[in-house]
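Each chain gets a letter, A, B and so on, in the order the sequences are listed, and its residues count up from 1. Atom set for the values below is all heavy atoms of this structure, side chains included, hydrogens, waters and symmetry mates excluded.
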Amino acid sequence: MTRPTFQIDGKPVTFTEGQTIMEAATAAGVYIPHLCHNPEFEPHGSCKLCTVKVNGRNCSACTFPAADGQEVLNDTAELNELRRTITQMLFVEGNHLCPSCEKSGNCQLQAAAYFLGMTDAHFPFFYPRRELDASHPDILLDRDRCIFCALCVRASRDVDGKNVFAIGGRGIDSRLIVNSPSGRLADTPIAATDKATRVCPVGAILIKRHGFEVPIGERVYDRHTIAEESLEREEPIVEARHG
Amino acid sequence: MDRHEYEHRIINRIVENHGRDTRQLLSILREVQREFRHVSPEAQQKVAQSLGVCITQVSAVVGFYSFLSTVPLGKFDIRISDSITDHMLGSREVAAGLCRKLGIQPGESRQDGRVSLSFTSCTGLCDQGPAGLINGYAIPRLTEDRTDEIARLINDDIPLGEWPEEFFAIKENIRLADRLLGNPVRPGEALERTVALDRETMFGEIETSQLRGRGGAGFNTAWKWRFCYEGPETAAVCPPGQPAAGIERYVVCNADEGEPGTFKDRVLLQSCADQVFEGMTVCAYLVGAKQGFLYLRGEYLYLHDQLEAVLATRRRRGLLGKTILGSEGFDFDIEIRLGAGAYICGEESALIESLEGNRGVPRNRPPYPVTHGYLGKPTVVNNVETFFAAAAIAVHGGEWFAEVGTEKSKGTKLLSICGDCARPGIYEYPFGVTIRQVLEDCGAADVLGVQIGGPSGTFLSDKECDRKLAYEDLATGGSFIVFDRTRDVIGIARNFTHFFAHESCGFCTPCRVGTALLKNLLDKIAEGHGATGDLAELSRLGRFVRSASHCGLGQTAANPILSTLERYPEIYQARLKTIDFEPGFDLDGALATARRLSGRDDADAHLSQS
Amino acid sequence: MAEKLTIATTSLAGCFGCHMSFLDIDERILALAEVARFDRSPLTDIKHCRDRVDLGLVEGGVCNAENVHTLREFRRHCRILVAVGACAINGGLPTLRNPIALEECLQEAYRDGIGVENPQIPDDVELPLLLDKVHPIHEVVRVDYSLPGCPPSADVIWAFLSDLAAGGEPSLPRELIHYD
């Protein structure tokens, strides 16, 4: 029996029933830009960087199920411009000052913006003033860099079993909130070894005393594009799940 | 007993009354706020403890819904509607007057804790504004005289229950009835016919009627019910046409009527609630649901008790509860849940999230609520008017309903007409009616344009009056706002754009950031600081938000801008400066602090804007 | 011989790192001198643009009234205006003061801070007044191109100037885009 197949940019991609477009693409070695998606967790679908055209309609590849015969457009000028606009929006919404951020060089937002050819942020900056939480001895939470991907929320809930994080507020006033009476990280059971501290794609959650350990030129995205790095890391995870 | 202990006891009692059910979190928080005038961080903690959930789950919900406050509100909490129609009736002036009389500023509570005043999204009283809410209860027709009285009552600390009843009298304003409003269904009439026929025959009536969802999207109602009945594909182990055994199903009536300028669901629930519940019960019979919900927007709190009374009567008459009309196995009941100020909860999957006690964030689709809805179970979510029509179809038959209307839009549609017209109110028309006809009937003169379907719909100019209300031409949820030539197109677009930025849930990047950027850019243009490049940017940004957003809110949030920009480019052009660029922030204003601290006011201590 | 490309440069709220990086093009500056001539620039010590300039390179963000005047003069004189480096593009490190009220900043620096002698907030008319926030230059004038980096490497600057001198539309290859 032939496996079901769909096309990404004209290239046939086979998939297993139940896979999303993102999973099928990853397994086939096709990179679809993404930030809030990480195949280790339930898909979330909030960043919209993985927007692809499915039979002419914009869909999030990370949540949309693959189906036999679908025509998917991914690497097109139009979609990459849309994605670049999203990275620009994320840059102006928060305070993403790469030269002073410890995550620089290992940051997925930055790397995705490189990949998409973003040279400026285009929009006026919001310069938000959100509460910084340095209370924990080993972990720093800089909310000004949060992009609301909810990966820490999912990791803390589904892997660590601690439910340390949630997204609160509404609209442009959304905030990452912390599960303790004081609202501070120090009063939660979070530990530096938790998955939740390792999944932040940006520099919002950092392990203290490890900043700038890797010299410029040797950091993750100094050596590889986010496309290469992402496929290398995520392909085995998808393969393991779907065989 | 100290304050903490007292608070703890009250909160415990509230949580207990809700069966310690996390899904009723929003109702619990509404009651906590009613008790203490806010939901303090301590109260959130206590609710979390009592329910045995994370504090974040509680505080995330508190932070999401506009009506919940973490700081104390006044003993009398006034919220003035910011709908464009209320603005046109002078709501901002009324609010300023009230503030003056009460000695407060908008957004704050008076020192003595007596009163607070703020603004809120459309309260659904557009035909009898300027309107607002006092302690959550709707209060229409806020004239200068009325606000004098209100200020006096508040200053004299007269309890709300002793205020003159006419202050809270909400008019129906039904101006034109056609076959639905003209043929009300007697309680039980539709159900008697339903249980008398076999299921397939009644399904056939709904199919024949070609009824489409009245919330605006227009999905075929019979199909939706059928999909729900046949259950999720994954559980479709039964023969085709038979329900997947053992799966619970739910019927939800979406009464989160938040689209500015629409109020027909309010009138239906005020005047014809029995028929709406009847329609829900017919649906429950067909899809095999045991539990229904009426999700009533918080702004319609005033309807809550009378709706409960209608439900109680129906239970007494055997029209709800166990073995309805003596039909073995036909068990169904309806629970009313109140919202708390979040337009997004009108989106069906966000509404379901809210019913489950969460923030109203729209889910990823597929799967759709009809197969994976409330608690992941098959769920029909329909608009108030859809159930209202379904009950009539069950009585009079599908053919009767489909006799009028157009090819793809059968039956009649209720319109909420407001704005610049002599006779605002509810009008029922067969689909296919022209804009011209409607304008004539409601007494509109010197028309500049009409907002069809609310801010998420389309702005039509006076040159498009021959267009028709029907899915083939102009789909609408029923909002119909008339603007005459004294109105400012950009001001209208700006009001709507602010509304969407305020109501964006914040889940997806394009809507969360995009609606805020649209608001700022349109403000800049409206205030006369726009430069030639700004219109192209406004249009580009609008098209981006439309195409990249997660749900219907974001996908339509730019409609006010895009549809007015398309029709009135010259009005926007005229507002622009003839320079190619001007900053979006006030340059001279940005020096004010430095001027004050240095005591300077020389020429170099100032900047021109361009 | 064809008319030489005229270039002006300036530094607003920046550290001159981008200018240093420009000089890092090393011996390529000789090739540049063949096709380009410098007008106003800290490198030439010319204080104001003498006439129309083809290309204006701006380093640094906008933190005070003087920056606004300088930037506007640049925009008026330059056919093509380029935001060079992180500070010009997003305000850069100086924006670390943006979350703090200007009044607090000034009081800490000139009145209440440790080691302040003769505390007073400067009021000399010669000193430009501070804006309440630091802004990237695209929020104050129209910008044609941006060269990201802190600083953009000499290769980035060179690639851009080469494209422009060759009369083409400048575009940075992916591997040259960096924000730090």
Most heavy-atom pairs under 4.5 angstrom with chain B, which of [options]?
options	value
A:A150, A:P181, A:C36, A:P124	A:P181
A:S60, A:C47, A:P65, A:A166	A:C47
A:G168, A:S180, A:S46	A:S46
A:N58, A:N163, A:L90, A:I167	A:I167
A:T51, A:L82, A:V92, A:L49	A:L82

Tell me yes or no: between the side chains of [X] and [Y], is some donor less than 3.5 Å from an acceptor?
X	Y	result
B:N559	B:R546	yes
A:Q88	A:H122	no
B:R365	A:T63	no
A:D75	A:N80	yes

Any idea which of [options] has the most non-hydrogen atom pairs under 4.5 angstrom with chain A?
options	value
B:P41, B:S59, B:G514, B:S504	B:S504
B:V61, B:T509, B:V361, B:I55	B:T509
B:C511, B:S549, B:G584, B:P366	B:P366

Quick check on [X] against chain A: is it the side chain, the backbone, both or neither that has a heavy atom closer than 4.5 Å?
X	value
B:R543	neither
B:S66	both
B:R512	both
B:P510	both
B:E503	both
B:A342	both
B:L541	side chain
B:F544	side chain

Atom CD of A:E42: over 12 foreign heavy atoms under 6.0 Å: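 Atom CD in A:E42 is not packed in, count stays at 12 or less.
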
Exceeds 12 heavy-atom contacts within 6.0 angstrom, atom CD of B:E527: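 Counting other residues, nucleotides and ligands, CD of B:E527 exceeds 12 neighbours.
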
Ring geometry between A:H37 and A:H34 (parallel below 30°, tilted from 30 to 60°, perpendicular above 60°):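 Perpendicular, since the angle between the ring planes exceeds 60°.
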
Side chain to side chain donor-acceptor pair (under 3.5 Å) between B:Y65 and B:S354, intermediate numbers included: CA-CA 10 Å; B:Y65 295 91; B:S354 186; 2.9 Å; yes

Charged tip of B:K524 within 45° of B:F581 ring normal and under 6.0 Å: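 Yes, a cation-pi geometry.
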
Side-chain heavy atoms of B:Y343 within contact of B:S121, under 4.5 Å: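 B:Y343 vs B:S121: side chains apart.
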
